[in-house]
Structures are given as structure tokens and as C-alpha cells.
Student: 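Here's a structure for you.
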Amino acid sequence: MHKLAQLDHAHVWHPFTQMRDWLRREPIVITSGRGAVLRDVHGREYLDANSSIWTNLHGHNHPKLNAALKRQLGKIAHSSALGFANEPASLLAAKLVEMANGELRMANRDGTRAKANSQFAIRNSQLTKVFFSDDGSTAMEVALKLAYEFTRRTRGPKSKPRFLSLTGAYHGDTVGAVSLGHIDLFHKAYGGLLFKTDQVMSPYCYRCPFNRAKPERADARVTRKCNWECVGKVEAKCAAARKRGNDYAAFVFEPLMQGAAGMIPQPAGWLKRVTDIARGHGALLVADEVMTGFGRTGIADCRLPIADLPRVPPSPRQSEIGNRKSEILFASHAEGVAPDFLALAKGLTGGYLPMAATLTKQAVFDAFLGEYEEFKTFFHGHSFTGNQLGAAAGLASLELLAGAASVKARARLEGDLRRELKSLWSLPNVGDVRQVGLVAGVELVRDWRTREAFALEERAGIRVCEAMARRGVLTRPIGNVVVLMPPYCTTAAQVRRMVGALHEAVEEVLGARTPMSAAR
Ligand SMILES: Cc1ncc(COP(=O)(O)O)c(C=O)c1O
């Protein structure tokens with residue numbers, strides 16, 4: 001075993017990892033990366049098929065990000081945001097506000113920069129303030145605390161702010177963020193530490209009890225037969241809270257796709273409907289775009305045509321948005337949803353450094369203003385809040401995202417992924433293939449006809465990912481769902497290798513291939 005692997009075994013405790021399993025084999029020790037490729041201590045190369053746990057956007061060792069960091073290092077790495085402002089954090093905050101309000105300046109084909117046509121701009125002028133933190137959990141913790149205190153200050157100190165979030169939700173691992181989540185396996189051990197939040201069903205079409213459609217070799221969002229019962233459930237929850245005299249303080253959601261819940265995509269129109277309902281019942285909207293932000297949910301528009309969508313006629317704003325797809329960097333914007341809190345992390349620095357941001361509106365900020373002795377201050381923050389290196393990486397990453405080359409690369413990658421994923425439907429152990437933009441979840445089942453799930457103890461997802469690693473492709477499953485989320489620089493050939501490795505791994509681990517015709 002390599003010396004570094006031995007040291008790891010001796011001393012490092014890995015996150016979300018059964019360390020007994022970990023200690024049974026030599027770990028892959030990563031030493032370098034370039035583009036979508038990671039290299040280990042033995043010189044072996046792997047494709048980074050989950051963008052290093054959903055963080056990397058433009059690829060590893062990107063010359064522009066490297067240069068921006070070197071430039072910043074030449075000035076200073078860090079000074080405190082407690083008492084001081086700094087250059088990159090100020091610039092990044094301004095840029096994030098601009099983007100979150102749909103004013104991202106797009107690079108023209110000739111490289112010059114022009115303001116996005118304001119006729120099509122998403123008008124979300126509410127988000128004006130940025131609170132920096134360190135990762136997704138802390139970004140959500142900030143949103144939670146601000147929403148809680150804002151509600152108490154606006155509804156009265158006796159009010160008891162309560163939150164509504166989605167079944168299976170994961171919003172991070174700090175105690176507040178855990179309370180917002182609903183993954184029993186992760187969280188039940190800490191029940192005693194948590195506060196109560198309510199949950200409402202997420203639109204998991206593939207396993208929805210209200211979906212009357214028979215299993216088919218197609219995306220369950222498209223084939224589903226239902227009456228939007230999931231939307232009705234949100235309405236019922238909000239109505240019940242109102243009846244109790246305690247409207248929800250906030251509705252917390254991941255827009256377009258729930259990540260750690262198992263890559264659960266939302267049918268077109270769901271997000272707009274439920275957020276309208278929640279807002280109509282006085283709830284603030286907290287969009288957790290830790291995974292979905294920064295273009296992850298695609299360009300070519302993942303919104304699928306749903307026959308009964310006209311029940312909520314598309315507003316002019318929605319059709320305007322349709323014309324601006326290439327500029328949509330936040331999933332909420334795809335359905336014209338303007339959240340009151342926007343939590344960003346992971347891709348904020350292009351996946352280079354731990355940095356996060358919680359954006360909110362002026363009214364929230366104003367609720368914390370007062371004379372010193374009123375102690376209305378937001379008493380929250382960390383040593384590395386507003387870190388210069390992170391902010392410099394963030395600025396460089398946003399610059400890349402806005403460039404025509406990135407827009408083109410993302411559109412191509414989305415198409416490549418869509419094309420390659422089709423081959424997986426021929427596997428009897430693939431129950432659902434769900435893609436939203438540049439993210440895909442492939443749900444493994446015992447038999448696609450019955451949708452019978454593997455028991456977690458069978459480690460089906462883990463074993464398939466191990467077999468993929470043997471083929472030079474690295475990713476991590478969520479239970480029985482294998483995630484593909486490549487960096488934006490991934491080539492068509494690399495996508496083919498990623499999907500090919502998954503295909504072969506499923507065959508190797510779970511059984512023989514059944515041709516599509518036989519599977520029908
Ligand atoms: C949607 C979402 N929110 C929050 C988090 C927590 O982020 P972090 O792991 O950076 O704390 C995650 C992590 O996967 C996430 O997917």
C-alpha cells in the first residue's frame with residue numbers, strides 16, 4: 001500500500017463513510033487533476049464523473065482560475081470580514097446580486113460584453129444583500145437563522161416560526177440544516193439535538209403513489225398519469241398551518257432537482273405552482289441552490305412538455321424566460337421563481353475553495369438595523385467569512401460561466417449526456433434515468449417492470465460505483481441511484497466513457513444485459 005494511503009488509514013476519518021469498509025482496501029489517493037481527469041499516486045487516471053462531489057464546474061487545474069488565485073495570493077490570502085471589507089468579496093457580492101437578479105452580462109460572440117437584453121431580464125430585484133460563509137450547510141444555516149429572526153421581528157416576538165421542506169430533503173449537516181432535512185438514515189441519531197420542521201411530499205414521479213402510469217422505458221415525469229396530487233399536498237399543508245394560526249415562516253426547497261434525496265427531478269410547472277402556493281400563505285421562499293446553481297440544471301431547458309401545464313397558464317415572464325435559457329444560471333429562474341433567500345456554495349468558486357453565500361432581500365437586511373444598544377445585529381459569522389482567495393476564485397469562475405465558450409460547452413455537454421444515457425434503458429436493472437441539464441441520476445432496481453428496490457444492505461449503488469472505478473470512472477451513489485454530474489469541460493468521448501463504464505458496471509454487478517426489445 002502506498003505510504004500516503006497508509007497514513008490516511010492511520011489517521012483520516014472520512015465523511016459519510018463506513019470506516020470499517022474503508023480500511024479494508026487501499027484508497028485511491030488523488031495527487032493531481034486536469035480538466036475532467038483525476039490522477040492518483042500510482043499514475044492511474046480517472047474521469048471525475050461527479051465533479052468532486054458536485055463542486056467542480058470548469059475542470060481541474062483551469063488556467064484562468066489558477067491565474068486568478070495566483071494574482072490574489074500575490075496580494076493577500078485572507079483578512080477578517082469582522083471589521084474590514086476586502087476587494088474580491090465586495091466585487092463578488094456585487095456580481096452575485098447582479099446575476100441573481102437576472103442581469104448577468106453575457107459575453108458576445110466576438111468577446112465583447114453586452115448587457116443582457118433587459119426586455120428579457122428576470123426581474124428579481126429583491127436580492128440585494130450577500131452574507132458569505134464557508135459551505136452549503138452554513139449557507140443554509142444563515143438562511144434559516146435569518147428567516148427565523150425576520151419572521152419573529154415581523155410577526156412578533158411571541159411567534160413560533162416553523163419551516164416546511166420536502167420529503168427526503170438534504171440541506172446540510174449543521175444542526176439547523178439537519179433539522180430542515182428529512183433523510184432518516186442520516187439524521188435520526190441526532191433527533192435529540194434537532195428542532196421540528198414539517199415535510200411535504202416531493203414530486204418523485206418514479207415512485208409516486210399517485211402516479212397511475214405503468215412502468216415504461218422512459219422518464220417517469222413524461223409518462224406520469226396523475227392529478228398533481230403533490231401540489232395539492234403543499235396546498236393542504238399550508239392551509240393547515242394557516243388554520244392553526246401559524247403560517248409557515250418559510251418553504252425550503254431545491255429547485256428543479258433534489259440532489260441528495262436521490263436526484264429527484266420535478267415535473268415542469270411543479271416549482272412555480274408550489275412556490276406560488278407557499279408565498280400565497282405568507283411563507284418566505286428559501287431556494288437551496290447549493291447543487292443546482294451556476295448553470296448545473298442546463299441550457300437547452302430541462303423543462304419537459306407536460307400536457308396539463310396550461311392549467312397554470314404560462315405568464316409572460318415564463319415565456320420571456322424561455323428566450324433567455326442560455327443565460328439562466330439558477331434553477332429557480334427556469335420557472336420564474338424569485339426566492340427571498342438563495343443559498344449558494346459548491347460551484348461558487350468553480351469547485352476550488354470552500355466558500356458559500358446566502359443572498360437575501362433588503363427588507364430582511366433592514367429588519368436587523370438599529371442602534372447599537374438595541375442589539376438587533378445578526379450575531380453570526382465565521383473566521384474565514386468573505387475570504388479573499390475564495391472570492392477571487394468565485395469572480396474568475398463567474399467570468400468563465402458568462403463567456404460564450406462556457407455557454408456553448410454546457411449546451412453540447414447536456415446534449416452528449418442525453419444521447420449517451422439513452423443506452424441505459426436497455427438494462428433490466430435500470431429503472432429510471434433522470435436528467436436535468438448537466439446532472440443525471442440512474443436508479444437501479446431489481447427489475448424495471450416491478451420497480452422493486454434493492455435493500456440498502458445490498459449496497460447495489462456502491463458496488464456499481466466500485467466497478468465503475470475499476471474502469472477508470474469515479475462517482476458516488478446515493479443509495480441505489482448512481483449520479484453522473486461531469487465538469488462542464490467534459491468532452492463527448494469522456495461522456496461516452498462515463499456512461500459506458502456505468503453500463504458495463506451494472507451488467508457486471510447486477511446481471512446480464514436484456515435487449516430493449518426483450519425488456520418490453
Ligand atoms: C442541496 C444541498 N444543500 C446543502 C448541502 C450541504 O453542502 P456542504 O456539504 O457544502 O455543507 C448539500 C451537499 O450536498 C446539498 O446538496
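The model shown is predicted, which means the values in this text are computed figures rather than measured ones. Atoms within each ligand, like the ligands themselves, are counted from 1 in listed order.
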Student: Answer yes if the side chains of E254 and T292 hold a donor-acceptor pair under 3.5 Å, and no otherwise.
Tutor: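 The criterion, which ignores hydrogens and geometry beyond distance, is not satisfied for T292 and E254.
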
Student: For residues 475-488, which residue pairs qualify under side chain to side chain donor-acceptor pair (under 3.5 Å), counting only residues two or more places apart or in two chains?
Tutor: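 Matches after skipping sequence neighbours: none remain.
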
Student: Taking non-hydrogen atoms within less than 4.0 Å of ligand 1, which protein residues qualify?
Tutor: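 Contacting ligand 1 under 4.0 Å are W54, D135, G136, S137, Y170, H171, G172, E254, D288, V290, K346.
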
Student: Can you check whether R25's main-chain N or O pairs, donor with acceptor, with H9's side chain at less than 3.5 Å?
Tutor: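 Checking the backbone N and O of R25 against the side chain of H9, a donor-acceptor pair under 3.5 Å is found.
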
Student: With sequence neighbours left out, what residues match S397 under side chain to side chain donor-acceptor pair (under 3.5 Å)?
Tutor: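 Counting only residues at least two positions away or on another chain, S397 forms a side chain to side chain donor-acceptor pair (under 3.5 Å) with H58.
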
Student: With no hydrogens and no angle check, do the side chains of E141 and T174 hold a donor and an acceptor under 3.5 Å apart?
Tutor: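 There is such a pair between these side chains.
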
Student: Could you work out, with side chain to side chain donor-acceptor pair (under 3.5 Å) as the rule, every residue matching Q388, not counting sequence neighbours?
Tutor: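 Testing Q388 for side chain to side chain donor-acceptor pair (under 3.5 Å), a comparison that skips the adjacent residues, returns S79.
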
